[in-house]
Amino acid sequence: MKQVQLRIRSNAEIADNVFRMEMEGDVSAITTPGQFINIRVEGGFLRRPISVCDVDTVVTGTKRIEKEAAEAFGTSLYNTPQMWDSVVKEKAGTCQENVVEGTVTILYKTVGAGTKALAGRGQGEVLDVLTGLGNGFDIRKAGDAPLLVGGGIGSAPMLMLAKQLINDGVRPTVVLGFRSVSDMILQGDLYEIGCDVYVATEDGSSGMKGFVTDQIRALREQGMEFSQFFACGPSPMLKAVYRDTQGLEGQLSFEERMGCGFGACMGCSMETKNGPKRVCKDGPVFMKSELLWD
Amino acid sequence: MERYLENENDRLSVTLCGIRLDNPVIAASGTFGYGYEFAELYDINELGTFSFKGTTAKPRFGNPTPRIAETPSGMLNAVGLQNPGVDRVIAEELPRLKAIFHKPVMANVSGFSTEEYAKVCESLDKEDQIGWFEINISCPNVHGGGMGFGTDPRLAAEVTRAVKKVTKKPVIMKLTPNVTDIAEIAKACEAEGADGISLINTLLAMRIDLRTRRPLLANTTGGMSGPAVFPVAVRCVYQVAKAVKVPVVGLGGVASADDVIEMIMAGATAVEIGAMNLTEPFICRDIIHELPETMDRLGIDRLENIIGAAL
Ligand SMILES: Cc1cc2nc3c(=O)[nH]c(=O)nc-3n(C[C@H](O)[C@H](O)[C@H](O)COP(=O)(O)OP(=O)(O)OC[C@H]3O[C@@H](n4cnc5c(N)ncnc54)[C@H](O)[C@@H]3O)c2cc1C
Ligand SMILES: Cc1cc2nc3c(=O)[nH]c(=O)nc-3n(C[C@H](O)[C@H](O)[C@H](O)COP(=O)(O)O)c2cc1C
Ligand code: FES
């Protein structure tokens, strides 16, 4: 975890009452998709927890040269440490210290005073944020045919997750559910990076009419097989996905009212098969096998 | 330079029930876990000390969620004393703590009967790292215990007596503001040998969700804390400090170096910081760093010289 000041780069409405905000600054504490950040909002005492939708890291200084050299030539070229050292040091000559700077993107829905205050903040303004909170998804368990399931604003973490999977050479199938086409988010972004994207809307205004579970069932009936599911959304959706995915292991991201967001207050506890867990610190992602929903 | 630093340290240090604190800032029970989360952020040995999560005889999950709600300049919690139970605190938490915290720590103890308070204290008494006991007879979030002991002077006295019997370590009784006459409770504890009084625990409160028309907290009521309660806490500390001779630890809504000094002027020897740790995780460290400058501004040489200045 880090406490950082992030500068707003953009903040715009992308669907009904849903905003996409890009912030720049030290995002080095954000390491895993499914993590969240906790934002101080005007007039609020508690911070507001919001999932990381995407992160773009820019590295400066010697670290950057190292990264660029590795990308250009492969690390094998510099097979002696001395050689590597001299090349990097020479190029780094005038570089400043290593700083991991970058941008973090969040998607948030305006539901109350805090998120409405966020919507009113503009480019160049600075937010006080705790970053790198929570465990995030365990991407090593993804297998070769991961299924990503997002419900409404809960779709947000799926972008960073999908990007990492694709980076690892795996093409995920994504099922997104919304009330209506006017709530739809991320479907275009996920498609563009190469995911198979399926949408279900409750009113049938886009994609299949129904819930994400209807869409998942249809895909499985067509013979699609999955290695692991990753789900984030409202709790009725999580329960339905849990119930409808017999024989399939998965990871589910939870929400709870939070006092701190970093494990200090026991405000957000949840009972699991392995005892009580803090949604903010031990979660928000829990394995299907840990849950007490049977 | 060396001497200057020594003086700087002296300016802040206070003695709480015979134990010297480098500074009066104590992180409050329930808002600092067992210190690990904060140790990731800064050296928690900078603190005067901290009071760890309320410990009971058996492990407790606490109340159902939601158990946190926001209020203007503060929060409600209805955690309900979630803790791993005294045996695991001794077997797991304290050894881990020893590795990161090298000062005497305050053990916050809760219970549902006089016997439970005594039993937990007896078990913890053998632990060297525990400097003080802080006996929580003021938790509003449990049924059939907690605050029940802190609202009746006879029961408060009974718990004090029982705990004093099983330990030689200083016993600080933690009081609830949810009473008509807080000084009376403090005096009852002092009469039974309490070595100090800390106050306030949270104020009994509730909020309602306008959409569902139901209480926001699953437990219906919760305890209110944070900056909103500061003036109530100052009043309580003042009343108790006037009524007893033992040292008083002041807490409730403390959010700045100015607040720390106000509490000390109201009669507190040391000051705890609770809810603010949750939203500003560096607050205790920052306040400690700000104290010398604040003291300069107010013409205060040493904090010990202004304890109870307003009495
Ligand atoms: C791990 C996690 C990740 C989240 N990710 C996102 C996201 O990516 N996008 C998004 O739009 N929302 C997300 N949420 C929900 C978001 O935190 C709430 O919508 C937001 O806090 C509401 O604040 P408010 O002031 O607008 O609402 P109010 O109702 O006025 O808030 C009052 C209090 O209740 C809390 N609260 C209200 N709703 C929730 C909720 N659903 N979960 C937790 N606390 C709540 C607030 O934080 C605040 O303390 C996430 C929640 C968690 C726990
Ligand atoms: C989430 C939370 C948990 C708490 N748990 C305990 C506890 O276990 N034992 C205790 O004596 N007080 C507990 N308290 C009360 C605080 O220690 C403190 O007395 C109170 O919050 C007032 O101080 P503040 O306004 O600085 O928070 C808790 C408070 C909060 C906010
Ligand atoms: S919100 Fe404080 S422990 Fe999770």
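Proteins come first, then strands; the chains are lettered A, B, ... in the order of their sequence lines, and each starts at number 1.
- Between chain B and the residues A/G261, A/G114, A/S269, the largest count of heavy-atom pairs under 4.5 Å involves A/S269.
- Contacts between B/A78 and chain A at a heavy-atom distance below 4.5 Å are absent for every atom of the residue.
- Checked against A/D128 for a salt bridge (Lys or Arg N to Asp or Glu O under 4.0 Å), the options A/R48, A/R121, A/R47 give a single hit: A/R47.
- Ranked by heavy-atom pairs under 4.5 Å with chain B, the first of A/G259, A/P276, A/C268 is A/G259.
- The pair A/R40-B/E280 counts as a salt bridge, with a side-chain nitrogen and a carboxylate oxygen less than 4.0 angstrom apart.
- Between B/T202 and B/N77 the shortest heavy-atom distance is CG2-ND2, 4.1 Å.
- Contact annotation for B/N277: only backbone heavy atoms (N, CA, C, O) come within less than 4.5 Å of a heavy atom of chain A.
- One finds a salt bridge joining A/D26 and A/K2 here, because a Lys/Arg side-chain nitrogen approaches an Asp/Glu carboxylate oxygen to under 4.0 Å.
- Contacts of B/R211 with chain A are made by side-chain atoms alone, with heavy-atom separations under 4.5 Å and no backbone atom involved.
- Contact of B/Y36 with chain A is not made at all, since no heavy-atom distance falls under 4.5 Å.
- A ring-centre distance under 6.0 Å is not found for B/F282 and B/F38.
- No salt bridge links B/K103 with B/E46; every basic N to acidic carboxylate O contact stays at or beyond 4.0 Å.
- Of the listed residues (B/G33, B/G62, B/P281), the greatest number of heavy-atom pairs within a distance under 4.5 Å of chain A belongs to B/P281.
- Salt bridge A/R9/A/E24: present, at least one basic N to carboxylate O contact under 4.0 Å.
- Between chain B and the options A/G43, A/G267, A/G275, the largest number of non-hydrogen pairs under 4.5 Å is found for A/G267.
- The most heavy-atom pairs under 4.5 Å with chain A, out of B/G74, B/S73, B/P66, come from B/G74.
- Both the backbone and the side chain of B/E70 come within less than 4.5 Å of a heavy atom of chain A.
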